[in-house]
Amino acid sequence: MKLTVSKSKNSASFYVQKSIRKENGTVASVTVEKLGNLDEVKARANGMDPYEWAQAYVNELNRKEYDEQKSIIVSYSPSKLIHTGEQRSYNCGYLFLQDIYYELGIDRICEKIKERHSFEYDLDEILSRLIYSRILYPSSKLSASEQSKRFLEQPDFRLHDIYRALSVLAEENDFIQSELYKNSTEVSDRDSTVLYYDCTNYYFELEEEDGLRRYGRSKQHQPLPLVGMGMFMDRDGIPLAFDIYPGNRNEQPTLKPLEKKIIKDFEIGSIIVCTDAGLSSAANRKFNDKTIRGEQIRGFITTQSVKSLPENLKAFATDTEGWHLPGDDAVYSIKDLDPEIYYDKVFYKDRWITEDLSGKEKKSGARPLEQHLIVSYSIKYSLYQKKIREGQIDRAVRMIEKGESIRKAKTQNDPRRFVGHMEMTESGEVCTKKVLYLDEGRISDEEQYDGFYAVCTNLNDAEVSDIIKINKKRWEIEECFRIMKTEFRARPVYLQKEDRIKAHFLTCFMSLVIYRFLERRLGGGYTCSEIVRTLRDMQMFRHSGKCGYSPAYTRTELTDALHETAGIRTDYEIISEINMKRLIRKTKTKKRKKKSAKSFKA
């Protein structure tokens, strides 16, 4: 690089220029940096001669460029032992999480929390390491303290600092969730017009229940105390807010308190809440049936069991006549459809209803809830259900043949539901030995609902195809829970104190938010296991004598994509100590500017 001065009649302009060779072989000069006019350079020179200062500045740039590009020779001795306790392998995969952590302003959230508390430890450092460890090396809080030593940046806190920080995090739970959402809107346009809500529970490795930990119906069928979690997810698949509740509590009443909180704290306007049938109580539907001055403020879309519909609606839903295809005015019969033509097609029929679908007796004078019942039918879905049931029937037959002692079916998909128990013979005699048989009536009853799927909504102007499309995305919130339980190993929980339990789930939630943003940046072309495994395997070997770092991982299409999203490269043959510090610093000093949602959406 060289200094170029362009002089005019009244002033001079200073430039840093560099010669480059083009593809056609010609050489051209390009401007690397404009230092400014004579007055601006004088101001930067702090009393030095402006020409001397500018030349010294260019010389320093050349020196730094040389240091970055020069070859590094590392020498090792085959007869020399490494020092005891010397660490040479470090994980650099966390840098791609750190890049998002700071872009979401979580460090600034920690600074605000510190202003309200008196503690000496670095909350930002502890929280960031808990999040990175939860994603890459999920384990206990005790282990997280040790796992943090795997990262390029070594931890500067002690174990008791972690436990003290957990109490603060639990106290600031609502504030952190609210600030995290607001900060995320500065990074990406989040679509919170549609919110998905679902619940799950987590078990504890103990026998006695207390506080939040209560015996209830475990989704994993674990006979241990549980804590429940309800979570909202936005339309882009990114978690929005969560809350936890005692494990013996019914899920349905958990929706309204959390929804009220996010409407108030997150300053969210009109929303549509999408849930599954288990959370679609009449109370929840009515809460999300709100109109102000003719404008619908809250709406709902919820799955509806065809089996549990009143008889007249059940007959309407399963009638083979009167079906439609989106965008087609024709009326179809699904009785004799050609699978080769209509295999991937989704037919529908709909009706506005005022019936109370809960089966409870209406209170006198109660306002009826008007709902749009949409029933869909798919040959593909019908064949899928048939195939699943055939496998369950085969398992039921094997149980009968083995004469196993059949317990009551635990779930609606348990093959035991097809096993009948004969207590008496056809002549009315009491059986001396329990007789097991295949319940053909139960099988026939289930077959009549194959391929049918129903949703209810109170949206007035939405197209049926849009309703179906919104409801189809519910699988993403189920995937969020799966990621937390399997990849992040949020269960079982070993913590005892209630505030630490809350903080544990807060760090799991924040880990999920950061992971989801990273997943969207990558374009959605990789599985969670692939991303986490790649980040975990991205190890750097540190050479002796502070010569620098070399990647000890395989460069792949995914590692290239990770580098591109973060704007850093860790896959050079060797990275000097200075450049590694510069690279780490870059992940913490992101420019906070509005980005389009395109940056994160698949």
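Heavy atoms from other residues, nucleotides or ligands lying under 6.0 Å from NE2 of H160 number more than 12. Annotation: R158, atom CZ; neighbour count of heavy atoms from other residues, nucleotides and ligands within 6.0 Å does not exceed 12. Around the CD atom of E60, the shell of radius 6.0 Å holds more than 12 heavy atoms that belong to other residues, nucleotides or ligands. Annotation: E564, atom CD; neighbour count of heavy atoms from other residues, nucleotides and ligands within 6.0 Å does not exceed 12.
In this structure, Y202 has its ring center closer than 6.0 angstrom to the ring center of F505. Checked against the 6.0 Å centroid threshold, F509 and F242 count as a close aromatic pair.
The residues E519 and R516 are annotated as salt-bridged, a charged nitrogen and a carboxylate oxygen being separated by less than 4.0 angstrom. Here D571 pairs with R569 in a salt bridge; the nearest charged N to carboxylate O distance falls below 4.0 Å. Here R108 does not pair with E111 in a salt bridge; the nearest charged N to carboxylate O distance is not below 4.0 Å. Classification of E172 and R116 as a salt-bridged pair holds, one side-chain N sitting under 4.0 Å from a carboxylate O. Between R88 and E86, at least one side-chain nitrogen of the basic residue sits less than 4.0 Å from a carboxylate oxygen of the acidic one, meeting the salt-bridge criterion. Between E115 and K112 there is no salt bridge, since no side-chain nitrogen of the basic residue lies less than 4.0 Å from a carboxylate oxygen of the acidic one. Residues R474 and E478 are paired through a salt bridge, judged by an N-O separation under 4.0 Å between the basic side chain and the carboxylate.
Looking only at distances, a side-chain donor or acceptor of T486 sits under 3.5 Å from a matching main-chain atom of R482. In this structure, the side chain of Q154 engages the main chain of K149 through a donor-acceptor pair within 3.5 Å. In this structure, the side chain of D276 engages the main chain of L279 through a donor-acceptor pair within 3.5 Å. The main-chain N or O of D161 is never found under 3.5 Å from a side-chain atom of R164 such that the two would form a donor-acceptor pair. In this structure, S143 contributes its side chain and S139 its backbone to no donor-acceptor pair below 3.5 Å. The backbone N or O of E125 lies less than 3.5 Å from a partner atom in the side chain of S128, making a donor-acceptor pair. Remark: side-chain polar atoms of D236 are not paired, donor with acceptor, to backbone N or O of I238 under 3.5 angstrom. Side-chain atoms of N284 come within 3.5 Å of backbone atoms of Q252 as a donor-acceptor pair (strictly under, hydrogens ignored). A donor-acceptor pair is defined here as one N or O able to donate and one able to accept, closer than 3.5 Å; such a pair exists between the side chain of T457 and the backbone of L459. In this structure, the side chain of R235 does not engage the main chain of K473 through any donor-acceptor pair within 3.5 Å.
Under the 6.0 Å distance and 45° angle rule, R298 counts as a cation-pi partner of F287.
Nearest heavy atoms, F151 versus Y90: O-CD2, 3.4 Å.
Screening R521, K588, K586 for a side chain to side chain donor-acceptor pair (under 3.5 Å) with D99, the sole residue that qualifies is R521.
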Apply the test side chain to side chain donor-acceptor pair (under 3.5 Å) to residues Y245 and N201: give CA-CA distance (whole Å), side-chain angles for both, the deciding distance (0.1 Å), then the verdict. CA-CA 9 Å; Y245 54 88; N201 49 40; over 6 Å; no
